[in-house]
Amino acid sequence: MRPYVPDVSPFRASVYALVRSIPRGRVLSYGAVAALLGHPRSARGVGTALSGLSEGHDVPWWRVVNRNGEITSPRIHHIAALQRKLLEGEGVKFRASGRIDMKEYAWSPSPDSRTD
DNA sequence: GATCTGACCACCG
DNA sequence: CCGGTGGCCAGAT
């Protein structure tokens, strides 16, 4: 019996799988996630996939930000505030501009994997 | 299957 | 930096 595998499209399943592999304290942009999955033009699809998460999942969705290291989650649902909180809780620091230094926190699956 | 929406991105001025 | 535009694509209706 699988942990959390509702009936989802393979695309969504792959997004969740990759996001799950992002180490603590590291982040990935929507575009990067899409590219790593072999769909360089599906950045929006990644956002859609994450927005469709239900309760009880084990996907660290907060480790996905936009290409500028900014949080683009819906503020009206106070999701953005939660995301920032969770990231800071993992040691990710935000600059005064409210952005993350992608040069430092952007993660890449292969070699430099600092599983923390 | 047509149409709309959006937690994206690149390009331009 | 800010705003506008076009393109892309997965989901929802």
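Throughout, a chain's letter reflects where its sequence line sits, starting with A, and its residues are numbered from 1.
Applying the ring pair (Phe, Tyr, Trp, His ring centres under 6.0 Å) rule to A:Y105 yields no partners; only residues at least two apart in sequence or on another chain are considered. Among residues two or more places apart in sequence or in another chain, the side chain to side chain donor-acceptor pair (under 3.5 Å) test is passed with A:S14 by none.
Note that CG of A:L36 and OG of A:S108 are 8.0 Å apart. Values are rounded to the nearest 0.5 Å. Note that CD of A:Q83 is 11.0 Å distant from CD of A:E88, once rounded to the nearest 0.5 Å.
Bracketed by its first and final contacts, the part of DNA chain C lying under 4.0 Å from non-hydrogen atoms of chain A reaches from C:dC1 to C:dG11 in 5' to 3' order.
Considering only heavy atoms from C-beta on, A:Y30 stays 4.5 Å or farther from A:R44 through its side chain.
Both A:T48 and A:R44 sit near DNA chain C, but only A:R44 has its closest nucleotide nearer the 5' end.
Salt bridge present: A:D58 and A:R20 bring a charged side-chain N and a carboxylate O closer than 4.0 Å.
Near DNA chain C, meaning a heavy atom under 4.0 Å from it, residues 28-42 of chain A has A:R41, A:S42 in order of number. Remark: A:S73, A:P74 in residues 73-83 of chain A come within less than 4.0 Å of DNA chain B through at least one heavy atom.
Among all heavy-atom pairs drawn from A:A34 and A:S42, the shortest one is CB-C, 3.7 Å. Nearest heavy-atom pair across A:Y16 and A:A49 is OH-O, 2.7 Å. Across all non-hydrogen atoms, the minimal contact from A:A32 to A:L28 is CB-CG, 4.1 Å.
Within the nucleic acid shown, A:R84 has no heavy atom closer than 4.0 Å to any nucleic acid atom. At a threshold of 4.0 angstrom between heavy atoms, the contacts of A:S51 include nucleobase atoms, whether or not backbone atoms are also involved.
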Identify every side-chain donor-acceptor pair in residues 60-69 of chain A under 3.5 Å, counting partners at least two apart or on other chains, and give the distances.
{"unit_1": "A:W62", "atom_1": "NE1", "unit_2": "A:E90", "atom_2": "OE2", "d": "3.0"}
{"unit_1": "A:R63", "atom_1": "NE", "unit_2": "A:E90", "atom_2": "OE1", "d": "3.2"}
{"unit_1": "A:R63", "atom_1": "NE", "unit_2": "A:E90", "atom_2": "OE2", "d": "3.1"}
{"unit_1": "A:R63", "atom_1": "NH1", "unit_2": "A:I22", "atom_2": "O", "d": "2.7"}
{"unit_1": "A:R63", "atom_1": "NH2", "unit_2": "A:E90", "atom_2": "OE2", "d": "2.7"}
{"unit_1": "A:N66", "atom_1": "OD1", "unit_2": "A:N68", "atom_2": "N", "d": "2.9"}
{"unit_1": "A:N66", "atom_1": "OD1", "unit_2": "A:G69", "atom_2": "N", "d": "3.1"}
{"unit_1": "A:N66", "atom_1": "OD1", "unit_2": "A:E70", "atom_2": "N", "d": "2.9"}
{"unit_1": "A:N66", "atom_1": "ND2", "unit_2": "A:E70", "atom_2": "OE1", "d": "3.2"}

